[in-house]
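One structure is given below, encoded as structure tokens.
Only heavy atoms go into these numbers, but all of them, side chains included; no hydrogens, no water, no symmetry mates.
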Amino acid sequence: MELIFEGLREAVARILTLDRDLLEAASASLVTSGSATSLSVVTGVPLGAALGLGRFRGRGLLLALANTGMGLPPVAVGLFVAVFIWRSGPAGQLEWFCTRQAIITAQYLLAAPTIVGLTAVAVQSIDPMMRLQLTALGATRLQSIALLMRESRLLILTAVMAGFGAVISEIGASLMVGCNIKGDTRILTTAIALETSKGEFGAAFALAFVLLGIIFALNALTTWAQQRARPQ
Amino acid sequence: MSGTILEAEDFAVARGGREVVRAHELRIREGEALAILGPNGAGKTSLLLALATLLPFAGRLRFRGSSIDRPLAFRRRVAVAFQRPLLLDRSVRENAALGLALRGVSRRERDQRAHDALVRLGVAHLAGRSARTLSGGEAQRVSLARALAVGPEILFLDEPFSALDAPTRETLVADLARVLRARGVTTVLVTHDRDEALSLSDRVAIVMGGRLRQIGDAASVFATPVDSEVAAFVGVENVLPARVVSVTEELTTLRVADHLVEVTADVPAGDDFPLLCIRPDDVIIAREPGPTSARNALAGTILRLEPIGRRVRVLLDCGFPLVAHVTVRSARELGLAEGDVVTASFKATLPHLLARHRAA
């Protein structure tokens with residue numbers, strides 16, 4: 001118990017004194033996971049909407065791929081990205097191995113399927129007659145899609161939060177392709193693993209509290225948005 | 001009323017690879033209210049959706065004399081309201097203005113027009129409310145206001161009252177009838193409710209079994225159905241096999257079972273064995289036979305008394321089954337009971353004769 005209390009005391013001290021290593025890891029996590037999620041939103045939300053609302057050849061296969069992608073093991077993604085950007089790999093000339101770009105790429109591959117799949121579910125959850133009503137009201141196809149996406153905005157927000165939550169808390173892929181370089185590619189999860197392996201529980205606790213705080217804040221934000229939208 | 005606003009010819013609608021409804025010819029006149037009436041699954045909603053270009057169709061569809069080459073442009077000149085209100089998760093005002101917003105109408109103008117439509121449907125006081133907080137009746141009023149706000153040249157209504165409770169439905173039907181008549185909006189209404197059709201429409205089209213079976217002004221369709229199926233649907237419960245005994249200038253005498261019945265209706269050409277159609281509302285029940293102007297009076301035994309809303313359905317055995325409808329009050333005052341022998345009478349001018357070979 002002494003070990004735990006000592007670790008907690010040190011963690012609180014590190015947080016209160018805004019420990020530099022802690023801030024660097026938190027910042028790196030937010031930048032990489034934020035970027036990966038943003039890219040996933042830009043590409044995944046329209047694709048998810050198209051899969052949810054469209055009727056075209058290959059749609060079922062794409063939906064199955066998105067659903068499979070939601071359960072991708074991070075280490076498998078890490079392996080795939082590492083091989084791809086390895087110096088002698090197909091994209092070796094980019095020189096992304098052990099960089100934040102590599103982490104963002106791996107996290108994008110982890111977040112995008114979640115956002116695509118859950119966005120498709122979100123737009124499909126709207127009453128199918130609503131689409132017919134919008135068409136009847138004189139909406140163009142694009143106007144209909146925009147209105148339906150707005151109508152399912154809370155579920156899409158949940159999809160985005162699920163994607164962000166998945167990547168900010170993953171470690172395998174980021175460790176494999178980012179190399180855990182201090183001040184650069186060391187993110188909260190890889191730093192926690194490193195500090196724990198060294199027996200630096202105070203530092204590990206501090207990093208874990210910050211990670212949990214970020215996840216809690218995001219979930220609180222999502223919950224607030226959902227509750228705000230409920231009819232009074 | 002003036003000319004034809006919408007015209008369908010050799011019009012057929014298929015869903016899931018199967019033809020669900022066909023109309024050889026259907027003309028909708030400008031300013032009229034046409035009810036498409038039929039039982040569940042008859043194909044009336046498919047017909048309405050195809051007329052509104054919301055379903056693919058085969059055949060010709062002309063709007064104001066021209067083929068509809070650009071469905072979006074056509075849809076922006078008409079409006080559709082469905083069985084469910086289908087409002088967006090926004091304020092009532094925004095919902096009412098949605099059709100106008102999609103047409104690129106300026107905010108000021110659409111706010112004004114949406115407000116006017118909400119006033120006409122009696123829900124302007126709800127303008128600031130979230131659509132998700134409305135009752136079913138309020139939401140349907142907003143849905144109708146949204147449709148009327150765009151100033152449609154044709155308003156298509158797909159059973160817009162069927163999800164409402166009876167009192168809400170009755171009030172809304174009355175209010176909508178008043179609004180539509182005041183503005184002379186051409187309306188096509190799908191319903192399976194005869195009372196709704198009578199309240200809201202000038203003409204009635206009967207769709208049964210995927211076919212447009214009869215179209216005409218509401219009174220004539222209800223009084224002179226073209227076949228026994230349509231007769232049954234429009235409430236003519238008595239469709240009796242008859243044989244022509246004699247025809248004079250004034251009256252046709254028919255034999256129904258062992259009774260002679262006199263009618264003024266014309267005998268279908270070349271058919272000596274027509275079907276005699278009598279509406280239950282046209283049959284009068286009396287305790288004792290007495291002198292009346294009714295040419296037909298038959299003694300009958302009451303087999304069953306069935307309350308249906310404000311009326312009682314009386315099933316009589318007059319040597320053939322005969323159904324009469326009387327008010328609850330009349331049934332009570334006459335002290336009607338099962339097994340009683342009463343007199344059923346009906347005027348010679350009321351029955352309608354159908355050709356037997358057209359019976360389904």
Does any heavy atom of chain A fall under 4.5 Å from the side chain of [X], the backbone, both, or neither of them?
X	value
B:Leu88	both
B:Leu100	neither
B:Arg90	side chain
B:Leu54	both

### Query
Rounded to the nearest 0.5 Å, how far does CZ of B:Arg203 lie from CD of B:Glu32?
4.0 Å
### Summary
Output for pair (A:Thr114 OG1, A:Phe164 CZ), nearest 0.5 Å, gives 13.5 Å
### Query
Of all of B:Arg77, B:Arg146, B:Gln83, which one pairs up most often with chain A through heavy atoms under 4.5 Å apart?
B:Arg146
### Query
Looking at B:Asp10 and B:Arg60, does any basic side-chain N land under 4.0 Å from a carboxylate oxygen?
yes
### Query
Given A:Tyr108, which of A:Thr43, A:Thr32, A:Thr37 fulfils the side chain to side chain donor-acceptor pair (under 3.5 Å) condition?
A:Thr43
#### Entry: Which portion of A:Gln143 sits near chain B, non-hydrogen atoms under 4.5 angstrom
side chain
### Task
Measure the shortest side-chain to side-chain distance between B:Leu26 and B:Leu51 over non-hydrogen atoms and say whether it is less than 4.5 angstrom.
yes
